[in-house]
Amino acid sequence: MYAVKVLHGYIGKDGQRTRDKRCVRIFQTKNYAKKFADKIGGRVKELG
């Protein structure tokens, strides 16, 4: 599972930045997360 990290937080399910890891938008593959991160200027982080 992967999440998109921006600044000091993550992208949440509602599309806003959040610091709470329980509410992050989860991607099943790194490829999908990478495409989304490239669009918004974030980076991909593996959750585990």
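Just so you know, these numbers use all the heavy atoms, side chains as well, and skip hydrogens, waters and symmetry mates. Sequential numbering from 1 along the given sequence is applied to the chain's residues.
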I26 to M1 - nearest heavy-atom pair and separation: CG2-CB, 3.8 Å
Gap between atom CZ of R17 and atom NZ of K5 - 0.5 Å precision: 9.5 Å
Side-chain donor-acceptor pairs of residues 31-48 under 3.5 Å, sequence neighbours excluded:
residue: K34; atom: NZ; partner: D38; partner atom: OD1; Å: 3.3
residue: K45; atom: NZ; partner: Y10; partner atom: OH; Å: 3.4

From CZ (R19) to CG (L7), nearest 0.5 Å: 10.0 Å
Partners meeting salt bridge (Lys or Arg N to Asp or Glu O under 4.0 Å) with D20 (sequence neighbours left out): R22
